[in-house]
Every structure is written in structure tokens, then in C-alpha cells.
Amino acid sequence: GVADPREDEESRRRRAEHEHGSLIVAPIRYRGRVIGTLTAINKLERDNFSEGDVDLMMGLANQAAAAIENVRLFDETQRRAEEQALLNEIGRAMVACQDVESLVDQIHRGVVQLLGVDSLYVALYNAEQNEIEFPLVVLDEQGVDSASFPDAVPGRHLTVPFATGG
């Protein structure tokens, strides 16, 4: 076959090393954006691809683009539905809580389930004392009792100016 003048010497060498002949690289485009390529490679002993082969590959690439985007959209919709269901479940559990300790525990479980975090804390503003309290502190997956929090992280209770925005 006729060598493609756009192909560099290194690419030609690699194709020969792997006994690859002609190839077609068709862009997979979705809404004007290239999201991948569809590549067909012949063996050295096979005839070069024809213009008809190129047209077929372009058609397949166009169909693949729509199918790939549909799968992505479906996966995204599924993920969001699962997140929403989990949020609803966590919300119901929080509403059922009768005290701050169990509420904070539900918040912890929810954040871990939704985000998979290793560390988190809950900070609550106490307007009467103008302090921020930390009823839950988890550092690197290790629960820290709020009483020992000052040793783990300076400032279990922080006195701060607090703007209420109202």
C-alpha cells in the first residue's frame, strides 16, 4: 500500500513490528466534542482499507457516540437516584432522632455513606455562650470523644465573633 505522508517514521516502525497494516481512526464525536476514537487495524498481508471502509467506520463512530452518551447519562441518572434515596433515608433517620447525640451519629453515618470520608466533625454554634461546640469529631476514621477533643485538635469550644446575618 501507499504510505500515509502524515504518519511519522516511529509509528511506521511500530506498526511493522506488530505486523499491522493499514488503519482507520474515526473520531467518536458527541455534540461537537471528541469523546474518543474507534480504531480498526489490518494485518500487513491484508489489503488497505477503502473509502467505503472509512465511511462505515465513521458511521459506526457516530452511532457509538450516541450510545456511549446514553450509557453515561443512564449511569449518572442511576447514581443520582441512589444518592437521593440515601439522602431521603438519612433525612428520615435524622427526623426520628430525639437527642443531639443520636442526631450527630446519624449525620456521621450519612456523611460516611455519601462521601466515604475519613475525617469529619460537627460544629454547633451556642449563641448564649458565643461558642462553637463540637459534639462529634472523627479524625482519620478514629472517633474522638468530644471531651478529649481539645487534646486531639486545639479548641473543643471556640469563642468567636459570629455574624447571624439577620
Side-chain angles (χ1 to χ4, degrees), residues 1-97 102-125 132 134-144 149 152-155 163 165:
V2 177
D4 186 334
R6 297 169 293 185
E7 183 179 36
D8 63 30
E9 187 58 41
E10 176 62 18
S11 295
R12 258 188 237 114
R13 186 194 62 72
R14 277 194 316 249
R15 273 192 319 106
E17 179 182 313
H18 295 285
E19 299 182 15
H20 293 157
S22 62
L23 58 99
I24 301 172
V25 179
I28 300 173
R29 288 191 181 122
Y30 187 77
R31 294 188 177 173
R33 195 177 101 238
V34 176
I35 61 171
T37 60
L38 181 59
T39 304
I41 305 169
N42 267 341
K43 291 285 188 183
L44 276 173
E45 64 271 4
R46 303 246 352 239
D47 291 337
N48 286 340
F49 289 110
S50 68
E51 286 298 317
D53 295 333
V54 172
D55 291 342
L56 282 172
M57 282 289 287
M58 295 297 287
L60 285 170
N62 290 335
Q63 289 180 350
I68 289 167
E69 196 58 29
N70 284 341
V71 168
R72 284 184 187 174
L73 290 172
F74 179 78
D75 288 347
E76 178 68 16
T77 301
Q78 285 292 112
R79 185 187 61 75
R80 287 185 181 184
E82 290 168 6
E83 283 178 357
Q84 190 60 51
L86 186 55
L87 279 171
N88 291 340
E89 181 182 320
I90 292 165
R92 283 190 300 276
M94 288 192 309
V95 168
C97 293
S102 59
L103 175 62
V104 167
D105 184 55
Q106 286 300 322
I107 292 170
H108 172 233
R109 290 174 193 224
V111 171
V112 169
Q113 283 181 308
L114 286 170
L115 303 176
V117 299
D118 298 324
S119 300
L120 76 118
Y121 62 86
V122 174
L124 300 175
Y125 176 64
I132 297 175
F134 297 87
L136 173 70
V137 179
V138 178
L139 302 173
D140 295 324
E141 299 179 0
Q142 301 296 316
V144 177
F149 185 43
V153 176

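It should be emphasised that the depicted structure is a prediction, and the values quoted were computed from it without experimental measurement.
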Spacing of L23 atom CG and M57 atom CE [to the nearest 0.5 Å]: 9.5 Å
I107 vs M94, side-chain contact (heavy atoms from CB on, under 4.5 Å): CA-CA, chis, key distance, verdict: CA-CA 7 Å; I107 292 170; M94 288 192 309; 3.4 Å; yes
Lys/Arg-Asp/Glu bridge criterion (N-O < 4.0 Å) met for R14, E17: no
L120 side chain reached by V112 side chain, heavy atoms, under 4.5 Å: yes
Heavy-atom closest contact (A61 atom, A26 atom, distance): CB-CB, 3.9 Å
Interatomic spacing from CG in N88 to CD in E83 - rounded to 0.5 Å: 12.0 Å
Value rounded to 0.5 Å, distance of CZ in R29 from CG in N62: 8.5 Å
Straight-line distance of Q113 CD to L87 CG, nearest 0.5 Å: 10.0 Å
Using distance only, find each side-chain donor-acceptor pair of residues 68-76 under 3.5 Å and give its atom names and separation, not counting sequence neighbours.
from	atom 1	to	atom 2	distance (Å)
N70	ND2	A66	O	3.4
E76	OE1	R79	NE	3.4
E76	OE1	R79	NH2	3.2
E76	OE2	R79	NH2	2.5
E76	OE2	R80	NE	2.7
E76	OE2	R80	NH2	3.2

Just distance, no hydrogens or angles: give the donor-acceptor pairs under 3.5 Å from side chains in residues 33-45, sequence neighbours left out.
from	atom 1	to	atom 2	distance (Å)
N42	ND2	S22	OG	3.4
N42	ND2	D47	O	2.7

R12 side chain vs E7 backbone, donor-acceptor pair below 3.5 Å: yes
Closest approach of I132 to A123 (non-hydrogen atoms, all atoms of both residues): CG2-CB, 3.5 Å
Between CG on residue L60 and CD1 on residue I28, distance to nearest 0.5 Å: 10.0 Å
Exceeds 12 heavy-atom contacts within 6.0 angstrom, atom CD of E10: yes
Side chain proximity check, L114 to I90, heavy atoms < 4.5 angstrom: yes
Residues that S50 engages under side chain to side chain donor-acceptor pair (under 3.5 Å), provided they are two or more places apart: D53
